[in-house]
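Per chain, numbering begins at 1; letters A, B, ... match sequence-line order. Quick note: numbers below take in every heavy atom, side chains included, and nothing from hydrogens, waters or symmetry partners.
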Amino acid sequence: MIDIKALKDNPEYRAGAEKKGASADLLDELVASDDTRRSLQTEVETLRAEANAAAKDIGKADPSEREAKIAAASELKKTLGAKEAVYAEAQAKVDELILQVPNPAHESVPVGDEDAYEVVEVVGEQIAAPPMDHAEYGHAMGWVDTELGATVSGSRFAYLKGEAVLLELALVQWVMAKLVGRGFNPVIPPVLVREDMMVDAGFFPTDRNQVYDITEDELFLIGTSEVALAGMHRGERFEADGLPLRYAGFSSCFRREAGTYGKDTRGIFRVHQFDKVEMFIWSDPAKSWEEHELLREIEQEILNELGFSYRVINVASGDLGDPAAKKYDCEVWLPSEGTYRELTSCSNYTDYSARRLKTRVKGEDGTALAHTLNGTACAVGRTLLNLFEHYQQPDGSFVVPEVLQPICGLTTIAPPK
RNA sequence: GGAGAGGUGGCCGAGCCAGGUUGAAGGCGCUCCCCUGCUAAGGGAGUAAGGGGUUUAAAACCUCUUCGUGGGUUCAAAUCCCACCCUCUCCGCCA
């Protein structure tokens with residue numbers, strides 16, 4: 001949720017929202033309806049103050065005067081009720097409009113649609129495709145069984161088997177240890193959450209059709225542990241010197257992938273269920289941009305140590321999504337497709353999410369909304385399939401990345417028979 | 001799943017049965033001041049959050065909302081009624 005006051009008073013803030021595609025008409029209408037709302041609020045509150053005073057007066061009044069005073073107060077209540085109805089309408093109008101306004105983009109975000117991204121850094125070479133693409137290789141090695149997954153659960157589900165499981169566990173262990181070393185608190189959150197949590201985390205109503213709904217129990221499967229991590233400090237007020245708070249959540253993630261029929265159908269690139277280590281930071285508003293760079297640095301360090309070729313892009317304003325003021329995507333070179341594909345990303349939501357979560361920071365100049373940031377440390381499934389291509393040898397054998405070897409106890413894995 | 005108890009300010013905890021000077025006693029903590037050679041102890045004052053308005057250099061002031069959440073009754077609700085959520089204890093079941 002955005003800051004209406006800033007929208008009204010701060011031209012830069014407004015420009016940032018327009019950069020994200022919010023129309024001038026929408027913004028004008030929001031500001032105007034908020035003005036109306038506030039003047040109605042004053043009227044309602046004045047009436048309410050009168051009614052409160054009248055009620056107190058009755059409590060103190062002599063019994064003989066009570067009846068007349070009660071009658072008068074009763075009339076006042078009717079007037080108040082009518083005004084309240086008008087106010088409620090004005091409030092509803094503002095609520096409806098404000099949810100349509102995205103978090104203003106940071107000044108460093110390139111303006112434009114999806115293709116207007118800015119390449120921040122390119123690491124490694126665009127290596128040639130190995131004999132088998134990730135899907136073929138996963139199947140040949142007996143690591144990924146999408147057919148069985150489809151039989152048991154439907155399309156976009158898979159069984160992960162054999163050494164791939166050991167690789168996954170090693171990846172998670174390695175990444176978690178790294179994050180703990182960076183001051184992150186490890187968390188395994190619930191994967192089922194209530195509706196209000198989905199709303200507060202900013203996923204409902206916009207992404208409702210992407211989320212699995214457990215109707216019977218009124219619970220929803222999270223698409224990322226970000227949802228549950230955001231819930232850890234709802235309504236709290238931090239001391240500024242207690243920040244930043246950094247969490248590393250590990251969970252399975254569930255996505256309906258509605259509207260992606262025919263897209264990325266090979267292997268486990270796009271599946272309904274995958275595991276992910278997610279970073280989440282509660283920051284002092286004054287320091288969130290430093291934290292954002294930290295997230296990028298960690299993501300790059302992970303990619304570097306896994307030996308991937310990749311590039312980092314500064315995502316363009318039109319492709320940011322509502323909550324992010326700025327987002328970096330780390331796209332790994334996928335040789336079989338001859339292109340860079342997104343593996344991790346990190347965003348600064350500034351106060352957009354915290355406003356709904358009501359999470360504040362008490363600092364020297366009073367309280368302010370906290371800033372929240374999140375970033376992928378390791379999307380396990382996609383990392384694995386990138387490893388399948390980067391570490392596949394010409395003879396079909398697989399060399400385990402050095403950093404994972406001591407954890408999973410494997411060095412090379414024999415080619416498929 | 002069955003039975004019971006309970007959710008009040010940063011924390012503990014009264015108030016609820018008998019609705020009205022209770023935004024909430026008391027205590028702890030915290031802040032400031034006094035006292036004290038240091039420390040400890042003692043004395044005094046202050047101390048909820050959020051929204052809106054007026055004004056200011058800053059402050060101050062007015063007002064609304066909030067006693068788990070959402071409704072209801074009433075001139076008036078922490079207090080009465082309804083629904084929901086959560087926590088705890090006991091029983092049952094169970095990785």
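- Distance A/Asp200 CG to B/rU69 P: 14 Å, rounded to the nearest Å.
- Residues A/Arg234 and A/Asp196 meet the side-chain proximity criterion, which asks for heavy atoms closer than 4.5 Å.
- When the P atom is used for both B/rG27 and B/rA83, the distance is 39 Å, rounded to whole Å.
- A 4.5 Å side-chain heavy-atom check between A/Phe238 and A/Thr359 finds at least one atom pair inside the cut-off.
- B/rU22 is unpaired under the Watson-Crick or G-U wobble criterion, no partner having all donor-acceptor distances under 3.5 Å.
- B/rU36 makes up no base pair with any nucleotide shown, lacking Watson-Crick or G-U wobble contacts both under 3.5 Å.
- Geometrically, A/Arg208 engages A/Phe204 in a cation-pi contact, judged by NZ or CZ lying under 6.0 Å from the ring centre and within 45° of the ring axis.
- When the P atom is compared between B/rU74 and B/rC84, the two are found 23 Å apart, to the nearest whole Å.
- Atom CZ of A/Arg194 and atom C1' of B/rC84 are 10 Å apart (whole Å).
- In this structure, the side chains of A/Phe269 and A/Lys263 stay at 4.5 Å or more apart for every pair of heavy atoms.
- The C1' atoms of B/rG7 and B/rA95 are separated by 31 Å, rounded to the nearest whole Å.
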Protein heavy-atom contacts under 4.0 Å, written 5' to 3' over nucleotides 46-65 of chain B as B (base), S (sugar-phosphate only) or - (none), form the string ---SSBSS---------SSS
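- For the P atoms, the distance linking B/rA76 with B/rG23 amounts to 15 Å, nearest Å.
- In this structure B/rC17 sits in no base pair that meets the Watson-Crick or G-U test at under 3.5 Å.
- Rounded to a whole angstrom, the distance from the P atom of B/rC11 to that of B/rC30 is 15 Å.
- Proximity of A/Val211 to A/Leu221: side-chain heavy atoms (C-beta onward) are nowhere separated by under 4.5 Å.
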Tabulate atom names and distances for all N/O pairs under 3.5 angstrom spanning the protein and nucleotides 74-76 of chain B.
unit_1	atom_1	unit_2	atom_2	d
B/rA76	OP1	A/Lys77	NZ	2.0

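- Applying the side chain to side chain contact (heavy atoms under 4.5 Å, CB included) test between A/Val172 and each of A/Val380, A/Thr383, A/Ile407 identifies A/Val380 as the sole match.
- Applying the side chain to side chain contact (heavy atoms under 4.5 Å, CB included) test between A/Glu291 and each of A/Asp284, A/Ile281, A/Thr372 identifies A/Ile281 as the sole match.
- The side-chain heavy atoms of A/Trp143 and A/Phe388, taken from C-beta on, include a pair separated by under 4.5 Å.
- Considering only heavy atoms from C-beta on, A/Arg255 comes within 4.5 Å of A/Phe274 through its side chain.
- Atom P of B/rG10 sits at a distance of 30 Å from the matching atom of B/rC82, rounded to the whole Å.
- Across every strand in view, B/rU89 sits in a pair with B/rA3 that passes the Watson-Crick or G-U test at under 3.5 angstrom.
- Comparing the same atom, P, in B/rU87 and in B/rA24 gives a spacing of 32 Å after rounding to whole Å.
- Pairing for B/rU73 is absent, judged as Watson-Crick or G-U wobble with the two contacts each under 3.5 Å.
- Judged by Watson-Crick or G-U wobble contacts below 3.5 Å, the nucleotide B/rC67 has no partner.
- One P atom belongs to B/rU69, the other to B/rA60, and the distance between them is 28 Å to the nearest Å.
- Nucleotide B/rA45 forms a Watson-Crick or G-U wobble pair with B/rU31, both donor-acceptor distances falling under 3.5 Å.
- Taking the side chain as every heavy atom from C-beta outward, A/Lys326 and A/Trp289 approach each other to under 4.5 Å.
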